Trainee: 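Take this structure, written in structure tokens, and hold onto it; I'll ask about it next.
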Amino acid sequence: MDEEGRRTVQPPQEAEHENEVKDELEEENDDGGSSEVEDEEKSFDELGLDPRLIRALSKKDISVSKPTPIQRVAIPLILEGKDVVARAKTGSGKTLAYLLPLLHKLFADSGLKQKNAPSAFILVPSGELCQQAYKEISSLIDLCKVHLKAVQLRSNMPISDMRAALSGPPDILISTPACVAKCLSTGVLQSTSVADSLEILVLDEADLLLSFGFEEDLKALTALLPRRCQCLLMSATSSDDVDKLKKLILHNPYILTLPEVDGVKDEIIPKNVQQFWISSSDQDKLVHILALLKLELIQKKVIIFTNSIDMSFRLKLFLEKFGIKSAVLNSELPQNSRLHILEEFNAGLFDYLIAGDESEVKDEQLANKGSNADTKWSKKYPKQKLDSEFGVVRGIDFKNVFTVVNYDMPGSAVGYVHRIGRTGRAYNTGVSVSLVSPNEMDILEEVKSLLGNEEDQNSDVISPFPLLTKSAVESLRYRAEDTAKSVTRVAVREARAQDLRNEILNSEKLKSHFEANPRDLDLLKHDRILSQKPPAPHLRKVPDYLIDATTKEASKMVKLARAAMGNNPSRRQGQGFKRKLKKGGGDPLKSFSAEGGRKGARKGGMKRGGRSTDGNHNHKKRKSV
Ligand SMILES: Nc1ncnc2c1ncn2[C@@H]1O[C@H](COP(=O)(O)OP(=O)(O)OP(=O)(O)O)[C@@H](O)[C@H]1O
């Protein structure tokens, strides 16, 4: 610390002690002993939060009696003013875990002291996450009807806009570290004002902040942090980068790690996601995805991940020929368009989103910076022009996604976990289906060994997808292969360029229009057709005679399951949904085998991955829907 009591840039010595909370039941205290945390099933209002926040949660349809485990543990500690590192898996509700106590504190402090800079900074690695956090905070502030102001700043804003946004000043600033560093270096934010005013600093998606190259920007900020500033670090995974940040910024923090039930692996496994895979050559992936979507064997909404922008457009053009509309999200698009695509998808304006997940390409590029390393991965996915603050996978809260499809497998098992974590968020459930080519089998093996349960070798965390028969695939093969020929490289290039042109035009319109009409989502469609010709009528509808009886039954069951949810996946949470599913024939993914139709009639359990498991003792990592 310097004379003025500010935190210095040098990482402090290893904290004198760290307070670890290893799960919601056990809290390690300073002496290394452990004590039971009483009444682990506390509701939100028993956590000591302002009643206005509790009412706001009810209005947002979040059950006030059911905080997630990380919320139950983190909220009281943050309310007490402790520095906290919260590591809990993707989709576990970390955003509210820091936002609720942060707002509670700002409600209490509001108007007490004249400030020249915001009281709270929330720093995230990408523009998309800024927008997401901003919307969540704004909706809570609106619902609580309090006089607090939050602003989001992004690096691409003109300095004059930044200055205007910070005049006042607002109570909460949501931004990226690079943007805050820019504000400091241009004098938009005064260092002395920050040092005088800042009470709470949140680093969300902390493990990404350093890998996205924000280290120097963060150091510029940490030099100003007053000693009293409470620091919170949220992360889905533990990594060296999280440790580095922890040492750089936090003071003797409480480390919250929520392994839930049985050990380290559970820390990362999205338990609410039933995971499946389909073996497919690279060429056959188009016919497989067509069969899944056209024969309605997976439930909407769906995110389809590819590893390249060209593949995303190829897929979009191909599906269009069969009358399946989708939108493409990628790093090439202007930021306003990307944010708008996300908003439309979250609002349910279209069902299929093809997301070019280049984050792993970016990681690979960062890892190989300065070297000429020519890995298998970089050969397959050559360098693309990437927006350094774009991330389509990490941290983005896609709403009500039921199925995640890996059209291309990601480059790592960790990338896989983050992708499938876009469904099954908080108390919801979801399904993932990965198309795995022979070249990608090593990643599948990596995923299996990362997620597998060594003590339970006989059960697969990721199983063969049970609803797709060979004959269903073959019935569509001719049409798919014939149509794929028309999706040429030139067509893909033109579609990509056309989409970019449209979106650049849109982006300007979007900026001005949505500033004035934030709720007017439907103005610009992002899932419009890019093909020159409309889809041929014979491709739009699969003739009845092509679909075998087993597939018809599978598709019917998927539809029944969807109807039981009333097209509202958030209703998957309750018992009511389970009852309705039972009436409608049960979860098709559990009660059905593509080879043998319904499994319910068969005694002695069901087959998964060629191994027999007892229907009543299904794999414990796979939560029933
Ligand atoms: N107690 C709760 N009950 C029900 N839903 C919740 C609860 N808390 C949060 N949610 C919802 O769960 C979803 C996931 O939460 P959130 O985005 O905070 O997860 P996360 O842990 O930050 O995930 P990631 O690591 O991917 O960023 C959000 O839509 C949020 O509104």
Side-chain angles (χ1 to χ4, degrees), residues 24 41-47 49 53-54 56-75 85-102 122 124-126 128-137 139-140 143 202-209 232-239 242 256-258 260 267-273 301 303 342 345-348 357 359 391-402 404 414-430 568-574:
E24 66 262 45
E41 293 302 330
K42 277 184 176 162
S43 62
F44 273 112
D45 46 353
E46 288 168 308
L47 298 179
L49 289 167
L53 288 165
I54 309 292
L57 287 177
S58 301
K59 288 184 198 148
K60 285 166 80 65
D61 276 343
I62 289 184
S63 160
V64 292
S65 60
K66 260 187 128 181
T68 62
I70 190 70
Q71 292 164 352
R72 261 199 311 263
V73 185
I75 289 172
V85 175
R87 290 186 298 225
K89 68 184 169 226
T90 182
S92 57
K94 292 188 289 296
T95 312
L96 286 178
Y98 72 77
L99 268 189
L100 294 171
L102 180 147
I122 298 173
V124 294
S126 71
E128 281 72 11
L129 292 171
C130 268
Q131 167 89 347
Q132 188 171 296
Y134 173 74
K135 290 197 83 174
E136 191 70 43
I137 292 170
S139 89
L140 285 167
L143 290 168
V202 181
L203 303 182
D204 199 1
E205 302 295 335
D207 48 340
L208 279 193
L209 286 171
L232 312 173
L233 211 145
M234 320 303 287
S235 169
T237 46
S238 32
S239 68
V242 176
L256 310 184
T257 308
L258 289 182
E260 307 230 327
E267 192 184 329
I268 50 167
I269 298 169
K271 283 197 167 50
N272 305 348
V273 185
K301 293 189 302 194
I303 300 182
L342 280 173
F345 185 60
N346 279 344
D357 170 23
S359 57
V392 95
V393 181
R394 297 291 303 275
I396 296 188
D397 188 29
F398 292 100
K399 301 276 182 207
N400 298 335
V401 169
F402 191 78
V404 169
V414 172
Y416 171 91
V417 169
H418 284 289
R419 283 188 185 179
I420 70 166
R422 296 316 101 199
T423 181
R425 296 177 74 74
Y427 291 110
N428 285 339
T429 55
N568 177 4
S570 62
R571 287 172 57 192
R572 273 176 232 135
Q573 299 179 37

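When a ligand or atom number is given, it counts from 1 through the structure's own listing order. Note that the coordinates shown come from a computational prediction; the quantities given were computed from them, not determined experimentally.
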Trainee: Checking contacts here: is it the side chain or the backbone of His418 that comes within 4.0 Å of ligand 1, counting heavy atoms only? Could be both or neither.
Mentor: neither
Trainee: Which bit of Ser92 gets closer than 4.0 Å to ligand 1, counting heavy atoms only: side chain, backbone, both or neither?
Mentor: both
Trainee: Rounded at 0.5 Å granularity, tell me how far CG in Leu342 sits from NZ in Lys399.
Mentor: 11.5 Å
Trainee: Lys399 heavy atoms, cut-off 4.0 Å: which ligand 1 atoms fall inside?
Mentor: 29 (O)
Trainee: Work out whether the distance between some heavy atom of Ser63 and some atom of ligand 1 is less than 4.0 Å.
Mentor: no
Trainee: One residue to check: Gln71. Relative to ligand 1, which of side chain, backbone, both or neither has a non-hydrogen atom less than 4.0 Å away?
Mentor: side chain
Trainee: Quick one: OG on Ser65 to CG on Leu57, what's the gap to the nearest 0.5 Å?
Mentor: 11.0 Å
Trainee: Enter the distance from Leu232:CG to Tyr98:OH here, rounded to the nearest 0.5 Å.
Mentor: 9.5 Å
Trainee: Output the list of atoms in ligand 1 that are nearer than 4.0 Å to some heavy atom of Arg422, sorted by atom number.
Mentor: 26 (O)
Trainee: Suppose we screen for side-chain contact (heavy atoms from CB on, under 4.5 Å). Which residues come up paired with Ala97, at least two apart in sequence or across chains?
Mentor: Ile70, Gln71, Ala74, Met234
Trainee: Is Gly91 close enough to touch ligand 1? Criterion: a residue heavy atom under 4.0 Å from a ligand atom.
Mentor: yes
Trainee: So, using salt bridge (Lys or Arg N to Asp or Glu O under 4.0 Å) as the criterion, who are the partners of Lys59 when residues are at least two apart?
Mentor: none
Trainee: For Ala86, is there any backbone N or O sitting under 3.5 Å from a side-chain donor or acceptor partner on Lys94?
Mentor: no
Trainee: I need the Leu233 CG to Leu203 CG distance, nearest 0.5 Å.
Mentor: 5.0 Å
Trainee: Measure Arg87 to ligand 1 on non-hydrogen atoms and call it side chain, backbone, both or neither using the 4.0 Å cut-off.
Mentor: neither
Trainee: Any idea which part of Thr95 is under 4.0 Å from ligand 1, heavy-atom wise: side chain, backbone, both or neither?
Mentor: both
Trainee: What's the separation between atom CG in Leu100 and atom CD in Glu136, rounded to the nearest 0.5 Å?
Mentor: 8.5 Å
Trainee: Taking only heavy atoms of Glu205, which atoms of ligand 1 are found under 4.0 Å from at least one of them?
Mentor: 24 (P), 25 (O), 27 (O)
Trainee: Quick one: which ligand 1 atoms are inside 4.0 Å of a heavy atom on Leu96?
Mentor: 8 (N), 9 (C)
Trainee: May I ask you to check if ligand 1 and Phe44 share an N or O to N or O distance below 3.5 Å?
Mentor: no
